[in-house]
Amino acid sequence: MAKLNKLDDIVALCKRRGFIYQSSEIYGGLASCYDYGPLGAELKRNVRNAWWKAVVQMRDDIVGLDCSILMHPMVWKASGHADKFADLVTVCKKCNTRTRVDHLKEKDGNHTDEHTEHVNIDTEQDKAFDLSKKVCPSCGAVGQFGNPMAFKLMFETQMGANVDDTMTLWLRPETAQGIFVNFRNVMDSSRVKVPFGIAQIGKSFRNEVTTKAFIFRTREFEQAEIEFFCKPGTDEQWYHHWREFRFNWYLNLGMKKENLRFREHEKDELAHYAKACVDVEYKFPFGSGDWQELEGIANRQDFDLRQHQRGMRTMNAWYETRDVTKLQLKDESEDWVKGPLSYFDDETKERYVPYVIEPSAGIDRSCLAFLVDAYDEDEINGEPRSVLRFHPTLAPVKAAIFPLVKKDGMPEIAHKIYDELKPCFSTFYDEKGAIGRRYRRQDEAGTPYCITVDGQSKEDNTVTVRERDSLTQERINIAQLKNFLRDKMGL
RNA sequence: GCGGGUGUAGCUCAGUGGUAGAGCGUCACGUUGCCAACGUGAAUGUCGUCGGUUCAAGUCCGAUCACCCGCUCCA
């Protein structure tokens, strides 16, 4: 890949071509927020649709879901986010470096408290942390830390217009909980049987301490998540199924193999509820480590459904205070296996709480990766050309239609073709300027095919179809265009 | 949040206290018959924003916003 080795280049490309803009730019921008332009909106839609098609439409064992972003506060109490979704961070007074408290090491080399679990905001912050023996990883100073600060990672908002009866809610920090919360609904209404999955695409919000690298880590972002429910004991096999399935999804959409890899999570890196977790990483041309996560696939066992069973048992306490920070989640019942979120297998007459494999992908990240991966520069007759080699499925525009020149009836024929293709493909019509320039413009947008009406078209009803990558041209009968493009693109 | 850097036309950038510029791109007209052609013409700037110093600020000072690199991480 040529030239796109700095994030700045990518940002400039995205803006220039209308893929991604800074949010609220005319007002100076808003940190960490971005808008998708004309081509970007198409690309993103195509990424979403490709995901949905692969995991819902083409599979018999997954159904879709589209939850609201606002949910009952108890959802986040039960999931653990309300108490624990915060990082406790301290600042070294000497060098001003900010470090997570649980990442600090002791002077004598004792191990860090490597719990990946987030800390409880209210209790832990007040607790006098003994940082006197901790070493700053940056400058090496010992015990020079300020008081630990907590960062609330969930966005708060108010529901209800009257001041008296407003309720504080959170914008969801992940789409997954909406799936767990609807587990029963889906089972009761769609005749699914374990093993099965529920898929959802949607926005999530996290008040990240630091955002990063363009649209790579933003506070508002879009997720594509599957919760795949399976019988305990079969989880290992499904975990491996999903690893392969999801990895291949990226490959099948044209992502270069050398830019993709798995990264296995170490045992001490795993959240307490996860039995195993692997990241699908992409080799972005920016950042320190290059390799950055696109998707995480985790074996969450039965943690979430059991937590929500506890949540359901806690509702009396909720009605008393209507404040999740003031209540404690009730313990599990003795026979939680038979709880409201358990599953009864009619064939084996067994009841159990299913295990869950969770492939959780970032749509925005994927878009960025596909964009970066598709970018290329080559030469035509000694002239440089920049081109986006998108897989046709992802290409914002599938075909552009041109009259070779703007006269002799060519525009009329081209327009007619345009009107015929429009209902089937996202297309673009252009009659302005030199033909070479029009081809190059489409190359820059990643359009796989350009259809040109020339003098011969009037004679024999054929047009040329020019291919983006090979630059070859083929004469095709106008009547066969639709099928030709369909075959070529596999749409 | 801390340290370092950046911010001038859609993009890339020049402009070192004295009338805001170039290249590319965009648009119009003409020409043109298959890979960034040519000619003529045109549009476009709160010089990131707010304030200060000065007769005069894109330029000096302060604040602020946004982005990039690092610390931080995990979709």
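Every chain is numbered from 1, with letters handed out A, B, ... down the list of sequences.
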Query raised in the report: If you find the nucleotide of RNA chain B closest to A:Met410 and the one closest to A:Ile363, which residue's nucleotide is nearer the 5' end?
Result: A:Met410
Distance-only donor-acceptor pairs under 3.5 Å for side chains of residues 392-399 of chain A, two or more places apart:
residue	atom	partner	partner atom	Å
A:Thr393	OG1	A:His391	ND1	3.1
A:Lys398	NZ	A:Pro392	O	2.7
A:Lys398	NZ	A:Thr393	O	3.1
A:Lys398	NZ	A:Ala395	O	2.8

Report task. Any pair with a residue in residues 386-397 of chain A that passes salt bridge (Lys or Arg N to Asp or Glu O under 4.0 Å), sequence neighbours left out, goes on the list, sorted by first then second residue, please. Result -> A:Asp376-A:Arg389, A:Asp378-A:Arg389, A:Arg389-A:Asp469
Requested in this report: Name the closest nucleotide to the A:Asp279 side chain, picking from B:A75, B:C74, B:U32.
Outcome: B:C74
Report task. Please state how far atom CD1 in A:Ile297 lies from atom P in B:C74, giving the value in whole angstrom units. Result -> 17 Å
Query - Whether A:Phe284 and A:Phe216 hold their rings parallel, tilted or perpendicular, with breakpoints at 30° and 60° - result: perpendicular
Query raised in the report: What is the distance, rounded to the nearest whole Å, between atom CG of A:Asp364 and atom C1' of B:C74?
Result: 15 Å
Query raised in the report: Quick one: which of B:C74, B:C35, B:U32 gets closest to the side chain of A:Val405?
Result: B:U32
Report summary line: Hits for ring pair (Phe, Tyr, Trp, His ring centres under 6.0 Å) against A:Tyr449, two or more places apart or cross-chain, chain-then-number order -> none
**Report entry** A:Glu222/A:Lys44 ion pair, N-O < 4.0 Å
**Finding:** yes
Requested in this report: State which residues pass ring pair (Phe, Tyr, Trp, His ring centres under 6.0 Å) with A:Tyr34; sequence neighbours excluded, sorted by chain then number.
Outcome: A:Phe214
Query raised in the report: So what does A:Gly455 touch, heavy atoms closer than 4.0 Å: a base, only the sugar-phosphate, or nothing?
Result: nothing
Query - Who pairs with B:U64 - Watson-Crick or G-U, where each distance is under 3.5 Å - result: B:G48
Report summary line: In numerical order, the residues of residues 456-472 of chain A whose heavy atoms come under 4.0 Å of RNA chain B are A:Thr464, A:Arg466, A:Leu471
**Report entry** Interatomic distance at P, B:G7 relative to B:A43, whole Å
**Finding:** 28 Å
Requested in this report: Have a look at A:Thr452 and say if it touches a base, only the backbone sugar-phosphate, or nothing, with a 4.0 Å heavy-atom cut-off.
Outcome: base
Query raised in the report: Base, sugar-phosphate, or nothing: which does A:Gln22 touch, judged by heavy atoms less than 4.0 Å apart?
Result: sugar-phosphate
Query raised in the report: Got a sec? Which of residues 31-43 of chain A come in under 4.0 Å of RNA chain B, heavy atoms?
Result: A:Ala31, A:Ser32, A:Tyr34
Requested in this report: May I ask you to say what A:Asp408 touches in the nucleic acid, namely base, sugar-phosphate or nothing, with a heavy-atom cut-off under 4.0 Å?
Outcome: base
Requested in this report: Sort out the partner of B:C29 for me: Watson-Crick or G-U wobble, both distances under 3.5 Å, none otherwise.
Outcome: B:G39
Query raised in the report: Between B:U44 and B:U26, how far is it from one C1' atom to the other, in whole Å?
Result: 9 Å
Requested in this report: Pick base, sugar-phosphate or nothing for A:Lys203, based on heavy-atom distances below 4.0 Å to the nucleic acid.
Outcome: nothing
Query raised in the report: Among pairs that include at least one residue of residues 17-27 of chain A, which meet salt bridge (Lys or Arg N to Asp or Glu O under 4.0 Å), considering only residues two or more places apart or in two chains?
Result: A:Lys15-A:Glu25, A:Arg17-A:Glu444
Query raised in the report: Who is the Watson-Crick or G-U wobble partner of B:G17, with both distances under 3.5 Å?
Result: none
Query raised in the report: Of the nucleotides B:C74, B:A75, B:A36, which has the atom closest to the A:Glu444 side chain?
Result: B:A36
Requested in this report: Let me know the distance between NZ of A:Lys44 and P of B:A75, rounded to the nearest Å.
Outcome: 17 Å
Query raised in the report: Atom CZ of A:Phe214 to atom P of B:U6: distance rounded to whole Å?
Result: 21 Å
Query raised in the report: Which base sits across from B:U12 as a Watson-Crick or G-U pair, both distances under 3.5 Å?
Result: B:A22
Query - Polar pair under 3.5 Å, donor/acceptor by atom type, side chain A:Gln292, base B:A75 - result: no
Query raised in the report: Within the pair A:Arg217 and B:A75, is there a side-chain N or O less than 4.0 Å away from OP1 or OP2?
Result: no
Query raised in the report: In residues 425-442 of chain A, what residues come within less than 4.0 Å of RNA chain B, judged by heavy atoms?
Result: A:Lys432, A:Ala434, A:Ile435, A:Gly436, A:Arg437, A:Tyr439, A:Arg440, A:Arg441
Report task. Assign the ring pair A:Phe229 / A:Phe180 to parallel, tilted or perpendicular, where the plane angle (0 to 90°) is split at 30° and 60°. Result -> perpendicular
**Report entry** Set of residues satisfying ring pair (Phe, Tyr, Trp, His ring centres under 6.0 Å) with respect to A:Trp238, sequence neighbours excluded
**Finding:** A:Phe228, A:His241
Query raised in the report: Say you draw a straight line from CD1 of A:Ile413 to CD1 of A:Ile451; how long is it, rounded to the nearest 0.5 Å?
Result: 13.5 Å
Query - Pair A:Arg475 + A:Asp454: basic N to acidic O under 4.0 Å - result: yes
Query raised in the report: Within the structure shown, what part of the strands sits under 4.0 Å from A:Glu295 by heavy-atom distance: base, sugar-phosphate, or nothing?
Result: sugar-phosphate
Report task. Scan A:Arg16 against the nucleic acid and name what it touches under 4.0 Å (heavy atoms): base, sugar-phosphate only, or nothing. Result -> sugar-phosphate
Requested in this report: Verify, without hydrogens or angle tests, whether A:Arg263 (side chain) and A:Glu281 (backbone) share a donor-acceptor contact under 3.5 angstrom.
Outcome: no
Requested in this report: Pick the P atom in B:C69 and in B:C60, then give their distance to the nearest Å.
Outcome: 26 Å
**Report entry** Partners meeting ring pair (Phe, Tyr, Trp, His ring centres under 6.0 Å) with A:Phe155 (sequence neighbours left out)
**Finding:** none
Query - Complementary nucleotide for B:C71 - Watson-Crick or wobble, under 3.5 Å - result: B:G1
Show me the protein contacts with nucleotides 43-49 of chain B, counting only N or O atoms at under 3.5 Å.
none

Requested in this report: Output, in order, the C-alpha distance, side-chain angles, deciding distance and verdict of side-chain hydrogen bond (donor to acceptor under 3.5 Å, both in side chains) for A:Asn461 and A:Asn477.
Outcome: CA-CA 6 Å; A:Asn461 283 318; A:Asn477 194 291; 5.9 Å; no
Requested in this report: Let me know, please, whether A:Ala12 or A:Pro384 comes out on the 5' side of the other along RNA chain B by nearest nucleotide.
Outcome: A:Ala12
Query raised in the report: Just how far is it from atom CZ of A:Phe221 to atom SG of A:Cys33, taken to the nearest 0.5 Å?
Result: 12.0 Å
Query raised in the report: A:Lys15 side chain N/O closer than 4.0 Å to the phosphate oxygens (OP1, OP2) of B:G10?
Result: no
Query - Watson-Crick or G-U wobble partner of B:C34, both distances under 3.5 Å - result: none
Query raised in the report: Within this structure, what is the OH-to-P distance between A:Tyr27 and B:C50, rounded to whole angstrom?
Result: 13 Å
Query raised in the report: Pick one for B:G62: is it syn, with its angle within 90° of 0, or anti?
Result: anti
Query raised in the report: Between A:Glu420 and A:Tyr418, is a side-chain hydrogen bond (donor to acceptor under 3.5 Å, both in side chains) present by the stated rule, with each step listed?
Result: CA-CA 5 Å; A:Glu420 278 165 17; A:Tyr418 175 55; over 6 Å; no
Requested in this report: Starting from C1' on B:C11, measure out to OH on A:Tyr21 and report it in whole angstrom.
Outcome: 13 Å
Requested in this report: Name all residues meeting the side-chain contact (heavy atoms from CB on, under 4.5 Å) criterion together with A:Asn252; count only those two or more places apart in sequence or in a different chain, and write none if there are none.
Outcome: A:Asn248
Query raised in the report: If you check every side-chain atom of A:Gln473, which of B:A75, B:G10, B:C35 has the closest atom?
Result: B:C35
